[in-house]
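To start, the structure itself, in structure tokens.
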Number of protein chains: 2
Amino acid sequence: MPANLARNRIDTRSKVLEAALHLFAGGGYFNTSVHDIQREAQVSIGSIYHHFGDKEGVARALYTELLEQTDGELKRINERGGSAQERCRAAVALLFEMTEAEPKSMQFILHAQHREFLPNEPPICSSAPFRRMREMVEAGIQSGEIRPLDAMIAAACLFGGPIRLIHLRLDGVLAAPLQEHLETAWDCAWRAVAV
Amino acid sequence: MPANLARNRIDTRSKVLEAALHLFAGGGYFNTSVHDIQREAQVSIGSIYHHFGDKEGVARALYTELLEQTDGELKRINERGGSAQERCRAAVALLFEMTEAEPKSMQFILHAQHREFLPNEPPICSSAPFRRMREMVEAGIQSGEIRPLDAMIAAACLFGGPIRLIHLRLDGVLAAPLQEHLETAWDCAWRAVAV
DNA sequence: GTCTATATTCGGATAGAC
DNA sequence: GTCTATCCGAATATAGAC
């Protein structure tokens with residue numbers, strides 16, 4: 001396959017996804033028309049339908065792409081080894097960094113109600129990244145770092161505070177970058193479940 | 001004003017709101033048409049526009065009504081007195097009870113992205129109920145029950161876990177009623193911020 | 001205040017040339 | 001693979017009788 005052909009294909013595809021992310025994160029899926037995406041991406045509407053089938057296909061591609069990316073980062077944290085505490089803390093740090101570096105992505109992953117426009121997707125909390133975070137908590141329970149609670153409950157209690165802060169930041173309620181709150185937030189989170 | 005006239009007016013209005021809540025909570029605002037509401041409420045579409053102006057008006061009425069109701073309950077908790085710890089715990093218990101008793105209301109208040117369809121509303125976290133919960137936390141900091149953190153951060157850390165659990169329950173990920181997790185969830189939450 | 005019928009806009013999706 | 005022009009259904013909102 002000629003390189004420039006592949007390049008063009010990728011370019012169009014990613015131009016669409018980038019535009020869609022921008023618009024979905026800003027006004028939401030339903031307030032964004034395919035015509036809006038087309039205009040923003042500087043691509044014809046025919047191309048969008050050619051690549052993604054329908055509007056839902058754009059959202060689905062974006063969703064799975066972002067989740068896979070996030071899951072990859074979490075996987076790397078796990079592979080670095082260390083205690084459950086260190087891994088969980090690194091996960092929170094990662095989410096905070098992502099929120100500051102890619103607020104739109106975070107907005108779309110965490111803040112949107114996907115089931116309203118991707119009816120076949122399972123709830124976000126049973127997606128790969130969330131499962132992986134739960135696994136970290138399970139490991140912590142096994143190793144005795146975390147109190148012997150139901151893993152699902154413990155994960156909610158551990159990550160609930162940090163996730164709440166991400167929501168507040170995305171809503172513009174918190175003025176300062178999340179990193180400035182990392183130490184405090186992590187301290188609180190860990191106290192909640194530590195032995 | 002004749003009683004039956006008032007009755008009818010209230011009946012129509014509340015029939016519409018109940019139907020709208022059902023549909024909004026089930027499929028979301030944008031997947032619900034005014035015709036759907038009309039059908040579900042057994043009311044003419046003209047009545048809906050007469051009472052609420054437009055579709056957004058229905059959502060707004062529902063939203064403010066539910067928030068006021070919730071805020072009223074929280075206010076009563078505050079008026080009962082007691083330590084900040086007791087009040088905050090009562091707030092969590094209230095939210096858990098509401099989730100089980102009125103899952104649709106909770107879904108609509110907590111889970112929906114209101115800014116997508118009520119563009120003029122402030123974010124939910126700056127609404128009256130959330131403000132009131134933050135005030136409870138501030139009182140706890142004043143009284144020395146809670147560590148001297150930024151009140152916004154402390155509130156997020158304290159209520160983040162329980163709110164996360166509510167989300168999980170509404171998504172059908174948790175099988176058991178939230179009340180069964182109240183003791184554990186509160187214990188974790190309080191450890192996060194207690195002195 | 002409530003109803004039915006209707007207007008109008010808009011947005012998702014397709015056709016078919018290049 | 002990309003483009004433009006077009007179709008068509010759906011959904012919001014209104015008109016106007018009762």
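Letters go in sequence order (proteins before strands), and every chain restarts at 1.
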Could you tell me whether the side chain of A:L170 reaches within less than 4.5 Å of the side chain of A:I166, counting heavy atoms only? yes
Check whether NZ of the Lys or CZ of the Arg B:K55 lies under 6.0 Å from the centre of the six-membered ring of B:Y29 and within 45 degrees of that ring's axis. yes
Of the listed C:dC3, D:dT12, C:dG12, the closest approach to the A:V34 side chain comes from C:dG12
When you measure from the side-chain N and O atoms of B:S33 to the phosphate of D:dA10, is any distance below 4.0 Å, counting only OP1 and OP2? no
Proximal nucleotide (of D:dA13, C:dT2, C:dA13) relative to the B:S47 side chain: C:dT2
Which heavy atom in A:A61 sits nearest to a heavy atom in A:R13, and how many Å separate them? CB-NH2, 4.2 Å
Rounded off to whole Å, could you give me the OH-to-P distance for the A:Y29 and C:dG11 pair? 13 Å
In this structure, how many angstroms lie between the P atom of D:dA11 and the CZ atom of A:F30, rounded? 12 Å
Please state how far atom CG in A:L23 lies from atom P in C:dG12, giving the value in whole angstrom units. 12 Å
The answer to which of A:I45 and A:D36 contacts DNA chain C further toward the 5' end, by nearest nucleotide, is A:D36
In whole angstroms, the gap separating P of D:dA13 from CZ of B:F52 amounts to 14 Å
Does a side-chain N or O from B:H51 land closer than 4.0 Å to OP1 or OP2 of C:dT2, or not? yes
Quick one: B:D54 CG to D:dT14 P, roughly how many Å, whole number? 8 Å
How long is the line joining CD of B:Q38 and C1' of C:dA5, in whole Å? 13 Å
Less than 4.5 Å apart, side chain to side chain, heavy atoms only: is that true for A:R169 and A:V173? no
Taking 4.0 Å as the cut-off, does a side-chain nitrogen or oxygen of A:H50 come that near to OP1 or OP2 on D:dG1? yes
Counting just side-chain N and O atoms, does B:H35 come under 4.0 Å of either OP1 or OP2 of D:dA11? no
D:dT2 phosphate, OP1 or OP2, under 4.0 Å from A:S44 side-chain N/O: no
Which heavy atom in B:Q38 sits nearest to a heavy atom in B:V43, and how many Å separate them? CG-O, 2.7 Å
A:R39 CZ to D:dC3 P, in whole Å, measures 15 Å
What is the separation between atom CG on A:N31 and atom C1' on C:dC10, rounded to the nearest whole Å? 13 Å
Distance test, side-chain N/O of B:T12 to OP1/OP2 of C:dG1, below 4.0 Å: no
